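Have a look at the structure below, then the notes.
One-based numbering along the sequence shown. Note that the structure is a prediction, hence the values are computed from the model and not measured.
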Amino acid sequence: MSEATDRPVDDDAWAEACAEDLEAEKARRRAQYGQQPGSAAEELRKLIDAVADKVSSLQSPLLGMAAQGTVQQVIRQAKSAVEPVIERNPELFDHLAAAGNELLAAYRSAVEGQEGRWTKGTEGAGGTGSNPGPAKKAAQDPSDPRDEGTGGSEHIDLD
């Protein structure tokens, strides 16, 4: 008999070892890099809580106690309106975040392209760049019918 068949076989030993290694690696990364951001829904919850805490902590002498109570009521209503949406559709916020990133990338690309066209070949305020427009090309072409050559000089009486 071989040694491999003498030992009891534990099918989950490999899975348990992998899970332990994965948890250890996650703990090491959290210690090294800090807590990773959660999903967009979790981040929205954190933002709402932070804004609510900040607004609640503001004590303004201009706002009376009734106004403070109203502000806190509005905050509670906003949180109660947003929480069910977050609970029902947490992936919605991930999709919205991805769409926002795509829009930002498209905008950035368009702006960089336009800046490239604006600055391409300009050599000063006169606009004499390496890519002259069609009017300049026609003016430089001697066979252009619009070019009537050098005209005779005429005296123009300004009086």
Side-chain angles (χ1 to χ4, degrees), residues 4 8-141 143-147:
V9 176
D10 187 9
D11 292 331
D12 291 337
W14 181 256
E16 288 175 16
C18 288
E20 289 173 3
D21 288 346
L22 180 61
E23 287 303 315
E25 180 64 19
K26 285 181 179 179
R28 184 188 69 79
R29 287 183 183 231
R30 275 192 300 270
Q32 183 175 1
Y33 300 113
Q35 186 68 22
Q36 295 296 319
S39 69
E42 291 171 4
E43 294 299 315
L44 180 61
R45 277 191 190 109
K46 289 178 185 177
L47 175 66
I48 290 171
D49 289 340
V51 169
D53 290 343
K54 185 65 175 177
V55 170
S56 296
S57 69
L58 295 176
Q59 297 294 329
S60 174
L62 299 176
L63 296 175
M65 291 304 285
Q68 278 290 10
T70 304
V71 168
Q72 290 184 359
Q73 181 182 0
V74 168
I75 291 170
R76 281 193 302 272
Q77 287 175 346
K79 285 174 80 173
S80 67
V82 170
E83 280 296 324
V85 175
I86 293 173
E87 291 297 323
R88 283 192 307 260
N89 305 312
E91 68 278 354
L92 169 75
F93 296 99
D94 291 330
H95 290 296
L96 288 174
N101 286 335
E102 290 176 13
L103 283 172
L104 179 62
Y107 176 76
R108 185 177 292 134
S109 174
V111 168
E112 287 174 356
Q114 187 63 36
E115 285 177 345
R117 286 189 292 277
W118 284 338
T119 59
K120 182 180 176 183
T122 58
E123 294 177 3
T128 57
S130 61
N131 189 11
K136 289 196 176 202
K137 286 182 185 176
Q140 295 170 354
D141 185 13
S143 65
D144 184 19
R146 293 179 288 178
D147 184 21

### Message
For R28, I'd like to know if atom CZ has over 12 heavy atoms of other residues, nucleotides or ligands within 6.0 Å.
### Response
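For R28, atom CZ is crowded (more than 12 foreign heavy atoms under 6.0 Å).
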### Message
With salt bridge (Lys or Arg N to Asp or Glu O under 4.0 Å) as the rule and sequence neighbours excluded, what pairs involving residues 88-100 come up?
### Response
none
### Query
Can you list every salt bridge (Lys or Arg N to Asp or Glu O under 4.0 Å) pair that touches residues 73-84, not counting sequence neighbours?
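Counting only pairs at least two positions apart or across chains, the salt bridge (Lys or Arg N to Asp or Glu O under 4.0 Å) contacts touching residues 73-84 are R45-E83, D49-K79.
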### Message
Side chains of R29 and Q32 only: does a donor on one sit below 3.5 Å from an acceptor on the other?
### Response
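Note: R29 and Q32 side chains miss the donor-acceptor criterion.
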### Query
Just how far is it from atom CD of E16 to atom CD of E20, taken to the nearest 0.5 Å?
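Between atom CD of E16 and atom CD of E20 there are 6.5 Å.
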### Task
Look up atom CG in L44 and atom CG in L92, then write down how far apart they are to the nearest 0.5 Å.
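Spacing of CG (L44) from CG (L92) equals 10.0 Å.
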### Query
So L47 and E43, side chain to side chain contact (heavy atoms under 4.5 Å, CB included) or not? Walk me through it.
CA-CA 6 Å; L47 175 66; E43 294 299 315; over 6 Å; no
#### Entry: Carboxylate-amine/guanidinium proximity below 4.0 Å for E42 and K46
no
